[in-house]
Undergrad: 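Mind having a look at this structure? Questions to follow.
The figures here come from the full heavy-atom set of this structure, side chains too, leaving out hydrogens, waters and symmetry mates. These figures come from a predicted structure and were not determined experimentally.
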Amino acid sequence: MAELGDTSVPKFAEGCRWGGTVEAPVVLSPEGAIHVEGTGRIILELCDGHFSLAEIVQKLEAQFMLAPKGKIRADVQTFLEQLHAKRIIDY
């Protein structure tokens, strides 16, 4: 299993993509669909194969400045590792 680090560049795994509507987006995968909203949606929108984990965290820290130091990174890492285990995100 690949390890997620600061230089990892997360993106949708092969066969996964956005679906649904702008108001109610879902992530489509060979196993089904996952409804995403809020911060999860923001994270996944940044998982386009262009931003590293460190860059994604930096963007979120700028948006959510009141979050405790280190919390955003820990939450993003946990979220992406869970999606990686479900074969939705590669890095």
Undergrad: Between Arg87 and Cys16, what is the shortest heavy-atom contact and its length?
TA: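 Arg87 and Cys16 have their closest heavy atoms at O-SG, 3.6 Å.
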Undergrad: Measure the shortest side-chain to side-chain distance between Leu46 and Glu55 over non-hydrogen atoms and say whether it is less than 4.5 angstrom.
TA: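 Leu46 does not reach Glu55 side chain to side chain.
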Undergrad: When you look at Asp6 and Arg73, which way does the side chain to side chain contact (heavy atoms under 4.5 Å, CB included) test go after all the steps?
TA: CA-CA 10 Å; Asp6 282 338; Arg73 189 191 191 293; 2.7 Å; yes
Undergrad: Please answer: with hydrophobic residues joined when any side-chain heavy atoms are less than 4.5 Å apart, are Ile34 and Tyr91 in the same cluster?
TA: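 In one cluster: yes.
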Undergrad: Could you report the tightest heavy-atom contact between Pro10 and Leu53, atom names first, then the distance?
TA: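 Looking at all heavy atoms of both residues, the shortest contact is CD-N, 4.1 Å.
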Undergrad: Is there a path from Leu83 to Val9 through hydrophobic residues (I, L, V, M, F, W, Y) whose side chains come within less than 4.5 Å of each other?
TA: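 Different hydrophobic clusters.
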Undergrad: Between Trp18 and Val27, is any pair of side-chain heavy atoms under 4.5 Å apart?
TA: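 Sidechains of Val27 and Trp18: in contact.
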Undergrad: Under a 4.5 Å cut-off applied to non-hydrogen side-chain atoms, are Gln82 and Ile88 in contact?
TA: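 No, their side chains stay 4.5 Å or more apart.
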Undergrad: With clusters defined by side-chain heavy atoms of hydrophobic residues (ILVMFWY) lying less than 4.5 Å apart, directly or transitively, does Phe51 cluster with Ile89?
TA: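 Yes; Phe51 is reachable from Ile89 via cluster members.
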Undergrad: Mind checking whether Glu61 and Lys69 have side chains closer than 4.5 Å, heavy atoms only?
TA: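 Side chain of Glu61 against side chain of Lys69, heavy atoms only: no contact under 4.5 Å found.
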Undergrad: Rounded to the nearest 0.5 Å, what separates atom CD in Gln63 from atom CD1 in Ile72?
TA: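 So the gap between those two atoms works out to 8.5 Å.
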Undergrad: Using a 3.5 Å cut-off and no angle test, enumerate the donor-acceptor pairs between side-chain atoms of residues 36-43 and protein atoms at least two apart in sequence or in another chain.
TA:
unit_1 : atom_1 : unit_2 : atom_2 : d
Glu37  : OE1    : His35  : NE2    : 3.2
Arg41  : NE     : Glu45  : OE2    : 3.1
Arg41  : NH1    : Val22  : O      : 3.4
Arg41  : NH2    : Val22  : O      : 3.1

Undergrad: Which atom names give the shortest non-hydrogen contact between Phe79 and Leu44, and what distance separates them?
TA: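 Looking at all heavy atoms of both residues, the closest pair is CE2-CG, 4.0 Å.
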Undergrad: Would a distance-only check, ignoring hydrogens and angles, find a side-chain to backbone donor-acceptor pair under 3.5 Å from Thr78 to Asp75?
TA: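 Checked: no pair found.
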Undergrad: Contact between Cys47 and Leu80 at the side-chain level, heavy atoms closer than 4.5 Å - yes or no?
TA: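 Side chain of Cys47 against side chain of Leu80, heavy atoms only: contact under 4.5 Å found.
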Undergrad: Taking the side chain as C-beta and beyond, is there a heavy-atom pair between Phe12 and Asp90 under 4.5 Å?
TA: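 No - every pair of side-chain heavy atoms lies 4.5 Å or more apart.
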Undergrad: As an exercise, state the distance from OG of Ser8 to CD of Gln77, rounded to the nearest 0.5 Å.
TA: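 Answer rounded to 0.5 Å: 8.5 Å.
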